[in-house]
Amino acid sequence: MAAYTALYRKWRPGTFEDVKGQDHIVTTLKNQIKTGRIGHAYLFCGTRGTGKTTIAKILAKAVNCEHPVDGNPCGECSLCRSVSSGNSVNVVEIDAASNNGVDNIREIREETRYSPAEGKYRVYIIDEVHMLSTGAFNALLKTLEEPPSYVIFILATTEVHKIPVTVLSRCQRYDFRRISGETIAGRLSEMAAAEKIETDEKALRYIAKKGDGSMRDAISLFDQCVAFYYGEQLTYEKVLEVLGAVDNEVFSRLLRIVAAGDTAGSLHIIEEIILQGRELSQFVLDFIWYMRNLLLLEASGEEENLDMTPEDLGRLKEETELVDGETLMRYIRVFSELVNQMRYAAGKRVLLELAIIRLTKPQMEENMDSVIQRLKELERRLDAGEFTLPKGSQAAVGTGGKEQVKTKDRSAEEDSGQPGGKEGNIQTVSLPKAQYEDFMLIREQWGRIIKELGTSIRPALSEAVVEPFGDGEIMLGFWDETCYLIGSRESVLLELADYVRLNYQKAIVFKARMLGSRDTGNTRYISDEELKTKIHMDIVTENS
């Protein structure tokens with residue numbers, strides 16, 4: 001039985017024409033070969049699977065080919081066949097990861113003294129050249145600077161920043177681009193037709209996306225999926241099953257439930273995914289990609305770069321109305337942190353569930369992203385009229401910086417026929433005329449003031465209880481700790497003072513405090529002048 005050859009090896013391009021997605025490099029190299037302007041050292045840079053080694057071998061064949069055709073190797077002559085089979089003495093491939101010492105480079109220098117036995121050039125392809133030691137790079141420098149006319153060096157690397165500048169300056173540098181998903185899908189379609197494999201377009205596009213710009217990775221994934229369902233049509237659902245991936249419909253459902261703050265519903269979806277045997281790390285990466293598409297659509301409105309089916313795109317457009325950009329960026333940051341945490345973790349499920357809870361319950365965190373999301377939720381509820389003000393939020397408890405007069409309002413008791421009236425004991429606090437006028441101005445204009453100050457602090461200040469505090473001072477009381485943290489900021493209090501000074505010509509200092517269980521809110525404020533007319537009241541003098 002003949003040994004099986006992996007598809008990425010079987011379908012490795014043999015000419016420049018077969019190379020996909022690197023036209024800027026292919027055109028340059030073909031022109032050099034046609035005109036005889038061949039360099040002595042090339043540096044191929046780029047991510048894995050983009051064609052660096054493949055083009056290096058094609059170039060090695062082309063410069064030695066006996067009958068080149070338009071800059072391409074003929075593939076038929078003895079020199080082309082020997083290079084393709086790996087038996088050519090003129091083309092030497094070296095893996096710098098395992099041959100990175102000075103002695104290895106010295107051997108190359110010794111070999112370059114001898115001209116090729118056949119063909120025109122001796123070609124040295126050094127893969128992962130950034131792995132060479134400092135001494136090995138130094139040993140290579142002299143040969144790179146003044147090589148024999150019959151020697152060509154082709155250096156390939158995925159980490160060009162590790163190459164010494166002295167080496168870079170002696171090479172022609174070519175940067176390999178990531179290959180587009182459309183190009184990869186087209187190549188996979190050609191392979192499927194040639195191999196007589198039935199597939200659907202959606203399956204190939206998903207495999208191409210999973211290749212992440214690498215043709216080799218995409219072909220390997222395709223080979224894996226075909227092997228699992230050998231002899232059957234390769235559908236989108238089967239690809240998801242083999243790769244442990246999740247359909248976009250699940251991501252859409254999860255995002256909508258998370259945006260609604262439904263923790264239990266979100267965790268149920270995670271449970272479903274786990275029971276289906278999906279790979280959690282891949283699920284997190286795919287969800288980040290889904291949210292990235294949504295963020296791009298929301299930010300730019302352009303659909304061309306999203307590479308999604310019309311059905312998925314329709315759902316994505318609906319979700320732009322459900323989640324704003326800042327909240328999406330917080331979601332992406334939380335899941336990006338999760339990727340690093342899951343890399344070496346044993347309990348991936350626990351980490352994923354914790355991240356989901358962080359998304360649905362921002363009040364559990366104190367970082368700025370969470371505070372912003374909570375503010376937006378307060379704004380939404382305020383605009384929708386969903387707030388029920390807590391007890392005592394319509395009135396304030398007077399503490400007063402100076403001597404004040406407290407009275408029991410008998411009229412309230414008379415209304416109900418029992419002590420304290422319908423709402424319990426209502427106390428009346430007398431304020432000096434000027435202080436009373438300032439307090440009443442702020443209380444009456446409070447809705448307008450917080451509306452004019454903008455949306456970022458409006459939800460928190462709308463919960464504030466306005467209280468008199470002393471001559472030229474107002475105290476803001478908060479029942480909610482989150483609102484207090486925002487409303488008590490010095491910048492917010494100064495902004496309030498500036499607004500009142502500019503719009504009402506009043507010099508008022510604002511302060512803030514948390515309201516406690518003793519704050520009933522059953523307090524009525526009157527001026528000294530009004531107090532004099534309330535002769536039916538019991539007057540109690542109290543020193544603060």
Side-chain angles (χ1 to χ4, degrees), residues 178 181 202 205-206 208-213 236 240 243-274 276 278-343 348-349 351-362 364-365 367-377 380:
R178 287 180 179 272
K202 192 175 181 181
R205 291 179 70 85
Y206 183 79
K209 187 182 79 170
K210 299 307 297 178
D212 193 23
Y236 175 65
L240 294 178
L243 301 183
V246 177
D247 184 44
N248 280 337
E249 186 274 332
V250 177
F251 295 131
S252 175
R253 189 155 50 96
L254 177 60
L255 182 68
R256 294 173 187 232
I257 293 178
V258 166
D262 184 355
T263 305
S266 303
L267 293 177
H268 284 319
I269 292 181
I270 300 301
E271 178 72 18
E272 291 175 14
I273 292 166
I274 292 169
Q276 292 171 7
R278 305 305 189 189
E279 211 288 310
L280 294 184
S281 296
Q282 187 62 54
F283 169 79
V284 172
L285 289 171
D286 288 347
F287 190 42
I288 291 174
W289 189 262
Y290 185 85
M291 291 188 290
R292 169 260 186 193
N293 286 344
L294 178 56
L295 185 61
L296 290 183
L297 181 63
E298 187 170 302
S300 66
E302 296 182 0
E303 306 172 5
E304 291 77 10
N305 299 323
L306 299 184
D307 191 24
M308 302 183 77
T309 64
E311 181 183 356
D312 291 338
L313 197 57
R315 285 197 296 262
L316 213 62
K317 289 179 180 178
E318 293 176 6
E319 286 152 15
T320 58
E321 304 296 328
L322 302 177
V323 190
D324 62 86
E326 290 180 354
T327 301
L328 265 179
M329 285 190 281
R330 174 177 175 263
Y331 290 174
I332 292 172
R333 275 193 283 268
V334 169
F335 265 63
S336 296
E337 293 172 7
L338 179 62
V339 171
N340 294 327
Q341 294 169 358
M342 293 177 72
R343 188 167 296 166
K348 293 183 178 181
R349 173 176 180 169
L351 292 175
L352 176 56
E353 290 173 338
L354 286 176
I356 290 293
I357 293 172
R358 286 176 63 189
L359 297 190
T360 56
K361 293 187 176 293
M364 297 178 67
E365 298 185 286
N367 57 50
M368 185 56 67
D369 285 345
S370 301
V371 171
I372 290 173
Q373 185 176 341
R374 288 153 69 183
L375 278 173
K376 289 185 176 296
E377 178 62 16
R380 184 192 66 76

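A quick note: this is a predicted structure, and the numbers were derived from the prediction, not measured.
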Min side-chain heavy-atom separation Arg205-Tyr236 under 4.5 Å | no
Glu249/Arg315 salt bridge by N-O under 4.0 Å criterion = no
Can you tell me how far OH of Tyr290 sits from CZ of Phe283, rounded to the nearest 0.5 angstrom?
-> 11.5 Å
Report yes if the side chains of Phe251 and Leu316 come closer than 4.5 Å at any heavy-atom pair, otherwise no.
-> no
How far does CZ of Arg349 sit from CE of Met342, to the nearest 0.5 angstrom?
-> 12.0 Å
Rounded to the nearest 0.5 Å, the CD1 atom of Ile270 sits from the CD1 atom of Ile356 at a distance of 4.5 Å
Mind checking whether Val339 and Phe335 have side chains closer than 4.5 Å, heavy atoms only?
-> no
Looking only at heavy atoms, the pair that brings Leu359 and Val258 closest together is CB-CG1, 3.6 Å
Backbone of Asp212 reached by a side-chain donor or acceptor of Arg178 within 3.5 Å = yes
Given the rule in the side chain to side chain contact (heavy atoms under 4.5 Å, CB included) test, do Met291 and Val323 qualify, once you have shown the distances and angles that lead to the verdict?
-> CA-CA 10 Å; Met291 291 188 290; Val323 190; over 6 Å; no
Could you give the distance from CG (Leu338) to CZ (Phe287), rounded to the nearest 0.5 Å?
-> 11.0 Å
After noting the C-alpha distance and the side-chain angles of Glu353 and Arg358, does the key distance pass the salt bridge (charged side-chain N to carboxylate O under 4.0 Å, His left out) rule?
-> CA-CA 9 Å; Glu353 290 173 338; Arg358 286 176 63 189; over 6 Å; no
Are any non-hydrogen side-chain atoms of Ile288 and Ser336 less than 4.5 angstrom apart?
-> yes
Take Lys348 and Glu279, measure what side chain to side chain contact (heavy atoms under 4.5 Å, CB included) needs, and give me the verdict at the end.
-> CA-CA 10 Å; Lys348 293 183 178 181; Glu279 211 288 310; 3.7 Å; yes
Would you please test Glu326 and Tyr331 for side-chain hydrogen bond (donor to acceptor under 3.5 Å, both in side chains) and show each step?
-> CA-CA 9 Å; Glu326 290 180 354; Tyr331 290 174; over 6 Å; no
Begin with the C-alpha distance, continue with both residues' side-chain angles, and end with the deciding distance and a verdict on side chain to side chain contact (heavy atoms under 4.5 Å, CB included) for Ile332 and Leu295.
-> CA-CA 10 Å; Ile332 292 172; Leu295 185 61; 4.1 Å; yes
Identify whether the distance between the nearest side-chain nitrogen and carboxylate oxygen of Asp262 and Arg256 falls below 4.0 Å.
-> no
Taking all atoms of both residues into account, what is the closest heavy-atom pair of Gly181 and Ala208, and its distance?
-> O-CB, 3.4 Å
First locate atom CG of Leu240, then atom CZ of Arg278, and finally report the distance between them rounded to the nearest 0.5 Å.
-> 6.0 Å
In this structure, CD of Glu298 is separated from CG of Asp324 (nearest 0.5 Å) by 6.5 Å
